[in-house]
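Notes follow the structure.
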Amino acid sequence: MHMNKVYLFTEIQVIFLIKLIIAHLLADFLFQTKKMVENKKWLSKEMFLHVFIVFITTFLFSFNLYISLIITILHYLIDGGKLELNKTKLSKPIVFLLDQIAHVLIIILVWCIYFDNVNSVAKTLLIPFQNYKISLILLGFLLVTTPFGFFIGMVTKRLQNTNNKKIKTDKNGFLIGIFERLIILTFVLLAEYGAIGFLITGKSIIRFSAKNEDINSEYVLLGTMISYGMTIITGLIIKQLIN
């Protein structure tokens, strides 16, 4: 599978952005202890220690005082906002995701302003909607998520009531199905068909273990086969359209 090469940034610009992201990952994960996370408050020593680490790591990777100060200040405000979100009813995974998205977006924004390449970033965001091959692949990945999930749920609904005993379904199974289809579609597009067999075998071992004996095997098997079949066919159609 080959795509048209598009060059919107110089190698120096991309390397600089990667360095900023590496600095963030080091400061936010490797150098931030569990104690710091648990005791962070707007005006706590843990918070100030953390933002100091953010400043040092950012400066060491960028050697730019201005960028380091801006990212550090904004990092502090985002972490403070996270503290407030933790007081709401939002789940911790959602708050964590919002926090990390905000950090990365700020880094990209500062990077854009520093290199004056806002237009290039805008063009990059439009590539999936202007490039035929990328648009087709993006469409495929979107289809195999919730649209396929809801369709499979409707098809197998008649099996959810067997002998007047409703089969218990949960959100975890729905999410597992989505990630399975994403992985399978990736394998198909890469022509790694053998890997799909390993995935099916692995799921079979886990799904039908002694711990899951109460799950209706016919229901699970039908849903799995429809899910895998639709995803494989989608991948083959996309490859054919690309070629």
Side-chain angles (χ1 to χ4, degrees), residues 3 5-129 134 138 141-142 145 171-172 175-176 178-179 182-183 186:
M3 296 185 186
K5 292 181 179 179
V6 180
Y7 299 100
L8 295 171
F9 310 103
T10 66
E11 184 177 343
I12 293 176
Q13 291 174 343
V14 175
I15 291 174
F16 193 82
L17 176 60
I18 292 172
K19 286 181 178 180
L20 291 178
I21 294 175
I22 290 174
H24 164 69
L25 294 176
L26 289 174
D28 232 23
F29 295 97
L30 187 63
F31 300 143
Q32 184 173 207
T33 65
K34 185 178 180 180
K35 181 181 178 182
M36 291 168 64
V37 174
E38 292 175 346
N39 297 318
K40 269 198 305 185
K41 292 179 176 60
W42 276 103
L43 298 174
S44 65
K45 63 179 182 179
E46 288 82 9
M47 175 69 88
F48 292 132
L49 175 59
H50 175 58
V51 294
F52 176 73
I53 292 173
V54 170
F55 172 77
I56 293 298
T57 53
T58 305
F59 181 75
L60 289 176
F61 276 87
S62 67
F63 288 105
N64 188 296
L65 182 61
Y66 173 76
I67 285 180
S68 301
L69 285 172
I70 293 297
I71 289 179
T72 301
I73 293 170
L74 293 175
H75 192 107
Y76 170 73
L77 294 175
I78 292 171
D79 275 13
K82 181 183 177 182
L83 294 175
E84 300 303 319
L85 286 177
N86 282 329
K87 299 176 183 178
T88 66
K89 295 181 179 180
L90 286 175
S91 64
K92 287 187 177 181
I94 296 296
V95 174
F96 170 79
L97 186 61
L98 292 174
D99 173 67
Q100 291 304 312
I101 289 175
H103 285 310
V104 173
L105 287 178
I106 286 299
I107 290 172
I108 294 175
L109 179 61
V110 172
W111 172 74
C112 286
I113 295 173
Y114 179 71
F115 284 104
D116 192 23
N117 56 9
V118 176
N119 290 335
S120 295
V121 173
K123 290 178 181 178
T124 302
L125 295 175
L126 291 175
I127 286 177
F129 308 101
I134 297 178
L138 178 61
F141 278 107
L142 289 175
T145 56
K171 292 182 179 180
N172 290 336
L175 291 174
I176 289 171
I178 289 176
F179 283 105
L182 289 172
I183 294 170
T186 302

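Values below: every heavy atom of this structure, side chains too, minus hydrogens, waters and symmetry copies.
The side chain to side chain contact (heavy atoms under 4.5 Å, CB included) test with Ile78 is passed by exactly one of Ile101, Asp99, Leu98: Asp99. If you run side chain to side chain contact (heavy atoms under 4.5 Å, CB included) between Cys112 and each of Asn117, Ile107, Leu17, only Asn117 comes through.
Environment of CZ in Phe52: sparse, with no more than 12 heavy atoms of neighbouring residues, nucleotides or ligands closer than 6.0 Å. Within 6.0 Å of the OH atom in Tyr66, the count of heavy atoms belonging to other residues, nucleotides or ligands does not exceed 12.
At distances below 3.5 Å, at least one donor-acceptor pair connects side-chain atoms of Ser68 with backbone N or O atoms of Asn64. Under the 3.5 Å distance criterion, the side-chain polar atoms of Asn86 are matched with a main-chain donor or acceptor of Lys82. Between the side chain of Asp28 and the backbone N or O of His24 there is no donor-acceptor pair closer than 3.5 Å.
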Run the side-chain contact (heavy atoms from CB on, under 4.5 Å) check on Leu60 and Ile56 step by step: do they pass? CA-CA 6 Å; Leu60 289 176; Ile56 293 298; 3.8 Å; yes
Between Leu20 and Ile67, is a side-chain contact (heavy atoms from CB on, under 4.5 Å) present by the stated rule, with each step listed? CA-CA 10 Å; Leu20 291 178; Ile67 285 180; 4.1 Å; yes
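Put simply, CD1 on Ile113 and CD1 on Ile108 are 12.5 Å apart, with the number rounded to the nearest 0.5 Å. Expressed to the nearest 0.5 Å, how far NZ of Lys19 lies from CD1 of Ile15 amounts to 7.0 Å. Remark: His50 NE2 to Tyr76 OH distance equals 12.0 Å, nearest 0.5 Å. Note that CD1 of Ile73 is 11.5 Å distant from CD1 of Ile106, once rounded to the nearest 0.5 Å. Expressed to the nearest 0.5 Å, how far CD1 of Ile18 lies from CH2 of Trp111 amounts to 9.5 Å. Taking CD1 of Ile12 as the start and OG1 of Thr10 as the end, the distance is 5.5 Å to the nearest 0.5 Å.
Contact of the Leu30 side chain with the Leu25 side chain is not registered, since no non-hydrogen atoms from C-beta on lie closer than 4.5 Å. Considering only heavy atoms from C-beta on, Phe9 comes within 4.5 Å of Val121 through its side chain. In this structure, the side chains of Leu65 and Phe55 come closer than 4.5 Å at one or more pairs of heavy atoms. Using a 4.5 Å heavy-atom threshold, the side chains of Leu182 and Phe141 count as touching.
Ile134 and Pro128 make their closest contact through CG2-CA, 3.7 Å (heavy atoms, listed as atom of the first residue, atom of the second, distance). The two residues Met47 and Trp42 make their nearest non-hydrogen contact at CG-O, 3.9 Å.
A salt bridge links Glu84 to Lys87: at least one charged side-chain nitrogen sits closer than 4.0 Å to a carboxylate oxygen.
Ring geometry, Tyr114 versus Phe16: the interplanar angle falls under 30°, so the pair is classed parallel (tilted spans 30 to 60°).
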